[in-house]
Asker: 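Structure in structure tokens, see below.
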Amino acid sequence: MSSPSHTADNFIEESIIEDLNNGKHGGRIHTRFPPEPNGYLHIGHAKAIVINFETAKKFGGRTNLRMDDTNPSTEETQFVDNIQHDIRWLGYEWEGETRYASDYFEELYQLALKLIDKGLAYVDESTATEIEAQKGDIGVPGTNSPYRDRSPAENRDLFERMRAGEFPDGSRVLRAKIDMAHPNLLLRDPVLYRIKHEAHHRTGEDWCIYPLYDFAHGQSDSIEKITHSLCSLEFRHHRDLYNWLIEALEIFPSRQIEFARMNVDYFITSKRKLKLLIEEGVVSGWDDARMSTLAGLRRKGYPPEAIRNFCMDTGVTRRDSQQTLDLLEFKVREVMNRNADRYMAVLDPVKLVITNYPEGQTELLETENNPEDESHGTRQLPFSRELYVEREDYRKEPQNRKYYRLAPGKDVRLKSAYIILCEGHEEDDEGNVTQINCTYYPESKSGEDTSGVKAKGTLHWVSAPAAVDIEVRMYQPLFTDPTPMDHEGKDFMEFINPESLQVITAKGEPALAEAEVGESFQFLRQGYFTVDPDTAAGKPVFNLTVGLKSGFKG
RNA sequence: AGACCCAUGGUGUAAUUGGCAACACAACAGAUUUUGGUUCUGUCGUUCAAGGUUCGAGUCCUUGUGGGUCUACCA
């Protein structure tokens, strides 16, 4: 198989092209995404998913999905379903069936036997604390276990009896026999198998010994003939062991390549911390719209395309990166600007009365659904004497010449309707505006304006009698600090933003009552909003997906 | 007796592998606009330090500085 001439976009692709040019694996490229099914996928996983799938795709290769389920205590089938759902939602389909490391338990066991027979592994009866002590320290060599020199035959017998369930948890482990003075602490006779009399979510009671990461992950890669095993930087030290085991076991030589994890401002990606947010009641669950989980981002309304673009455009490197929320939100707006239809909703309504418009009259006005895409068509909007407009769009006095909104004496265009002249307002005892009074120019109707009046500003509005109440959930970042984990001596919980969620009741145009769960809109001049699953008949709930960029400096 | 990884505008990444440091985001200014959105134009500003090799260094070498990772029977 001759390799088409690819250009490398990053160092991983350089390595792949190098392998291709060397004729390795006959030009075949196969990657994998190996989550542990013990939690929900988050934005950091999205990066790994995108890298693995996109890299394979670029070279005409395939990508497996493999559950790294070697720890029966933490893994649950429930998570498997969510992980699969999230990956498909992101837009990727893996090769064949979902794989499980647990499917390879028997093969792994045989591999362990092989290692024992080669004199490269031994059963150790030291306690966990003793083993820790044997490891030595950074810069200090370790010491050999007293059980290190047992014969292969004795080790085999002991290991078989471990499997048979003769020994209690923690009483024995299988260790690789490498070098207790190795500068890489991971190669100081790492533990390969431990005893756990626990039921596994897939294999049930079949096993009471379970392999550890280092004796499961790489071997699974080899079993699946993965050519390039892409993982994050903290596994760099594991690569030495990964390669040592490939040699010792004489198995398919997958190549591990590490890249830097992606961090995003205001997002945390520690499973444990995410869980804590739920347990403490800070958020409502794994799919709370403020969570950095894919379930949360989906609920918030982030389009998968935007997340993919974000992951791709932030590149692949070996240096720790901290991405800004700005870029992520830019990617979200970029997609939604194209796809989301424009509707009008008033978030903080104040009544506006057009004093020269006939009482009781309603007319239907036509408005375009999406100025970016004419094929989205038009719809009808009811217009009447009493409207709601945004409280923020009125000032008792205009501040300066650059102010284009409502204030006494100002002309303003109502989107797709008429130009109105602001006459003044009514207020309560505290000086709060209770009503804005205006007159309209009958000849200024949108599309057939002969009034000659020029209005600099255009406002969104809804007809008061026709408006529907909609619940709107306004979100801000969950934390007040972009990197809540990076403060010495301070717990990340100290940075919880008390205003991360504000629920308001807004006035929406009638069509919004029919919005379906998952559907996204632009509320004119406000932002992009997506219908939340909490929506019930006649009670629509919208999530702020992302605000519009605003050049207004009032 | 420590080992390994990393260092380019405010942020994130490029640089034909030794040949004019570029792209995106952000910021700022202007044009267009029935969204102060979008779109378009422009401005701003960058190779961690010192030394070396070279006609020529972001790129190669040396030393230093700064940051990160590694001592789970987690993955």
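Side chains are part of it too, since the values below use all heavy atoms of this structure and drop only hydrogens, waters and symmetry mates.
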Asker: Expressed in angstrom and rounded to an integer, what is the separation of A/F259 atom CZ from B/rU69 atom P?
Answerer: 17 Å
Asker: Can you tell me how far P in B/rU59 sits from the matching atom in B/rU43, rounded to whole Å?
Answerer: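 Nearest-Å result for B/rU59 against B/rU43 at atom P: 28 Å.
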Asker: For A/F167 and B/rC73, what is the distance between atoms CZ and P respectively, to the nearest whole Å?
Answerer: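 Between P of B/rC73 and CZ of A/F167: 19 Å.
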Asker: Is the glycosidic torsion of B/rU17 within 90° of 0, making it syn, or is it anti?
Answerer: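 Syn, since the glycosidic angle lies within 90° of 0.
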Asker: Whole angstroms only, please: what is the CG-P distance between A/D486 and B/rU69?
Answerer: 10 Å
Asker: OP1 or OP2 of B/rG36 less than 4.0 angstrom from a side-chain nitrogen or oxygen of A/R525, does that happen here?
Answerer: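 Looking at the OP1 and OP2 atoms of B/rG36, one of them is under 4.0 Å from a side-chain N or O of A/R525.
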Asker: Are A/T70 and B/rA75 close enough that a side-chain N or O sits under 4.0 Å from OP1 or OP2?
Answerer: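 Yes, A/T70 has a side-chain N/O under 4.0 Å of OP1/OP2 on B/rA75.
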Asker: Ignoring the backbone of A/R319, work out which of B/rA75, B/rA14, B/rU8 is nearest its side chain.
Answerer: B/rU8
Asker: Could you check how far CE of A/M262 sits from C1' of B/rU11, rounded to whole Å?
Answerer: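 Nearest whole value for this atom pair: 14 Å.
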Asker: Does a nitrogen or oxygen in the side chain of A/S446 sit under 4.0 Å from OP1 or OP2 of B/rU34?
Answerer: no
Asker: With rounding to the closest Å, how many angstrom separate the C1' atoms on B/rC44 and B/rC4?
Answerer: 39 Å
Asker: Please give me the minimum heavy-atom distance between A/Y122 and A/N155, naming the atom from each residue.
Answerer: CA-OD1, 3.4 Å
Asker: Rounded to whole angstrom units, what separation is found between the CZ atom of A/F330 and the P atom of B/rG10?
Answerer: 21 Å
Asker: Round to the nearest Å and state the distance from A/H182 atom NE2 to B/rU71 atom C1'.
Answerer: 13 Å
Asker: Quick one: A/N184 CG to B/rC70 P, roughly how many Å, whole number?
Answerer: 12 Å
Asker: How many whole angstroms separate atom CD of A/E258 from atom C1' of B/rA75?
Answerer: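 A/E258 atom CD is separated from B/rA75 atom C1' by 15 Å.
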Asker: What interatomic distance, in whole Å, is found between C1' of B/rA72 and the corresponding atom of B/rG67?
Answerer: 25 Å
Asker: C1' atom, B/rC70 versus B/rA75: distance in rounded Å?
Answerer: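 Here B/rC70 and B/rA75 have their C1' atoms 15 Å from each other.
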Asker: From the set B/rU69, B/rU35, B/rU13, return the single nucleotide nearest to any side-chain atom of A/H237.
Answerer: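 Nearest nucleotide to the side chain: B/rU69.
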Asker: Do A/R379 and A/Y343 form a cation-pi contact, if we require the NZ or CZ to be under 6.0 Å from the six-membered ring centre and within 45 degrees of the ring's axis?
Answerer: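 A/R379 over A/Y343 ring: yes.
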Asker: Out of B/rA1, B/rC25, B/rU35, which nucleotide sits closest to the side chain of A/L548?
Answerer: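 The answer is B/rU35, which lies nearest to the side chain.
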Asker: Are A/R236 and B/rA3 close enough that a side-chain N or O sits under 4.0 Å from OP1 or OP2?
Answerer: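 Negative; the distance criterion is not met.
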Asker: Quick one: does NZ or CZ of A/R202 land under 6.0 Å from the six-membered ring centre of A/Y100, within 45 degrees of the ring axis?
Answerer: yes
Asker: Name the nucleic acid region contacted by A/R333, choosing base, sugar-phosphate or nothing; use a 4.0 angstrom heavy-atom cut-off, strictly under.
Answerer: nothing
Asker: Do the side-chain N or O atoms of A/K271 get closer than 4.0 angstrom to the phosphate oxygens (OP1, OP2) of B/rA75?
Answerer: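 The answer is no; no side-chain N or O of A/K271 sits under 4.0 Å from OP1 or OP2.
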Asker: Select one nucleotide: of B/rG36, B/rA14, B/rU38, the one nearest the side-chain heavy atoms of A/E372.
Answerer: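 Nearest to the side-chain atoms of A/E372, counting from C-beta on, is B/rU38.
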Asker: Tell me, please, whether A/F552 has A/R525 positioned over its six-membered ring: NZ or CZ under 6.0 Å from the ring centre and within 45 degrees of its axis?
Answerer: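 That pair does not qualify as a cation-pi contact.
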Asker: Tell me whether the OP1 or OP2 atom of B/rU35 has a side-chain N or O from A/R342 closer than 4.0 Å.
Answerer: no
